[in-house]
Amino acid sequence: ALFLSNGSPRLGMRQNNGGSSSYVYVQNNVVGQPLVVRLTSSDASVATVPDSVIIPVGTYYAYFNVTAHDVVGTVQIQATATGYSPTTVNQEVTAPRFVVTTASTVRTTQGLQAVTVYATDAAGTAHPTNEAVVVNLASSSTATGTVDSSSVTIPAGASQVSTAQIG
């Protein structure tokens, strides 16, 4: 039988699992010849996977990337291979969120401190973005602090950026 493991069962729209948290495997067995495993998503408008992965000789698993698109929903990812029973796993895609953090210490007379912006799913777990994402920044109280940048860009393939500062 084939088995699927999904280390990122929830992604935000336009995010991906980084290619190292979802994998297909055969249990208690290493393959003696390369095993081609076909992958499909039940709705490609929500999330996609590669057409196939190969489990190499001498191992029992292969990682694959799950890419979330612009539609919120849950899809089934299916894996099939000749001679093995198929398997499925669910993948949820949520509205994306941004989490902003700074140092937790009070800074009354000290210099600027870094602001980190994370691209997350609806539950707050950070994931790499599929494309560069521009995030606009503003302080809710300029008497308390001002941000040195009006926006930051989370690069494609990254889940966070720490280029802005507040003081």
Side-chain angles (χ1 to χ4, degrees), residues 1-102 114-137 151-164:
L2 289 174
F3 298 91
L4 283 169
S5 178
N6 190 357
S8 298
R10 181 182 300 116
L11 296 169
M13 293 183 334
R14 295 178 301 282
Q15 296 173 358
N16 64 78
N17 69 357
S20 62
S21 69
S22 296
Y23 59 95
V24 60
Y25 65 99
V26 293
Q27 194 171 25
N28 300 324
N29 218 353
V30 296
V31 295
Q33 61 185 17
L35 179 63
V36 176
V37 180
R38 303 281 178 212
L39 300 170
T40 58
S41 166
S42 61
D43 188 343
S45 68
V46 176
T48 55
V49 292
D51 291 336
S52 65
V53 294
I54 298 173
I55 299 177
V57 172
T59 188
Y60 61 94
Y61 62 93
Y63 287 102
F64 61 91
N65 196 33
V66 178
T67 302
H69 298 289
D70 291 332
V71 177
V72 170
T74 300
V75 297
Q76 281 196 331
I77 297 170
Q78 182 179 46
T80 59
T82 303
Y84 291 82
S85 58
T87 188
T88 61
V89 68
N90 287 339
Q91 178 67 58
E92 180 183 10
V93 175
T94 69
R97 246 179 69 183
F98 296 107
V99 173
V100 180
T101 63
T102 62
V115 175
T116 302
V117 180
Y118 297 89
T120 74
D121 58 38
T125 303
H127 303 284
T129 59
N130 298 337
E131 59 199 37
V133 177
V134 176
V135 181
N136 295 322
L137 301 173
S151 67
V152 294
T153 301
I154 300 173
S159 61
Q160 68 185 50
V161 65
S162 298
T163 55

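Owing to the predicted nature of the structure, the values given are computational and were not obtained by experimental measurement.
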Residues, nucleotides or ligands: over 12 heavy atoms within 6.0 Å of [X] [atom1]:
X	atom1	result
Asp70	CG	yes
Arg38	CZ	no
Tyr61	OH	no
Phe98	CZ	yes

Mind checking the [atom1]-[atom2] spacing from [X] to [Y]? Nearest 0.5 Å is all I need.
X	Y	atom1	atom2	value
Phe64	Ser20	CZ	OG	12.0 Å
Tyr25	Leu35	OH	CG	14.5 Å
Asn16	Glu131	CG	CD	11.0 Å
Leu11	His69	CG	NE2	10.5 Å
Ile54	Gln33	CD1	CD	11.5 Å
Arg10	Thr74	CZ	OG1	9.5 Å

message: side chain to side chain contact (heavy atoms under 4.5 Å, CB included) for Tyr60 and Val26? Distances and angles first, verdict last.
response: CA-CA 5 Å; Tyr60 61 94; Val26 293; 3.9 Å; yes
- request: Could you please spell out the steps behind the side chain to side chain contact (heavy atoms under 4.5 Å, CB included) verdict for Val135 and Val161?
  value: CA-CA 10 Å; Val135 181; Val161 65; over 6 Å; no
Please find the pair of heavy atoms, one from [X] and one from [Y], that lie closest to each other, and give the distance.
X	Y	answer
Asn65	Gly18	OD1-N, 3.5 Å
Pro50	Leu39	O-CB, 3.2 Å
Met13	Val72	SD-CG2, 3.6 Å
Ser159	Ile154	C-CG2, 4.0 Å
Thr80	Pro86	CG2-CB, 3.6 Å
Gln15	Pro96	NE2-CB, 4.0 Å

message: Using the side chain to side chain contact (heavy atoms under 4.5 Å, CB included) definition, which of the options Val89, Leu2, Thr88, Leu4 pairs with Gln78?
response: Thr88
query: Given Ser41 and Gln91, is the side chain to side chain contact (heavy atoms under 4.5 Å, CB included) satisfied, shown in steps?
result: CA-CA 9 Å; Ser41 166; Gln91 178 67 58; over 6 Å; no
query: So do the side chains of Val117 and Leu137 get within less than 4.5 Å of each other, counting heavy atoms only?
result: yes
Is a donor on one side and an acceptor on the other found under 3.5 Å between the side chain of [X] and the backbone of [Y]?
X	Y	answer
Asn17	Val66	yes
Asn6	Asn90	yes
Thr129	Pro155	yes

- request: Any ring-ring contact (aromatic ring centres under 6.0 Å, His included) involving residues 75-96? Give me the pairs, sequence neighbours left out, ordered by first then second residue.
  value: none
task: Anything under 30° is parallel, anything over 60° is perpendicular, the rest tilted; go ahead and classify Tyr63 against Tyr23.
output: perpendicular
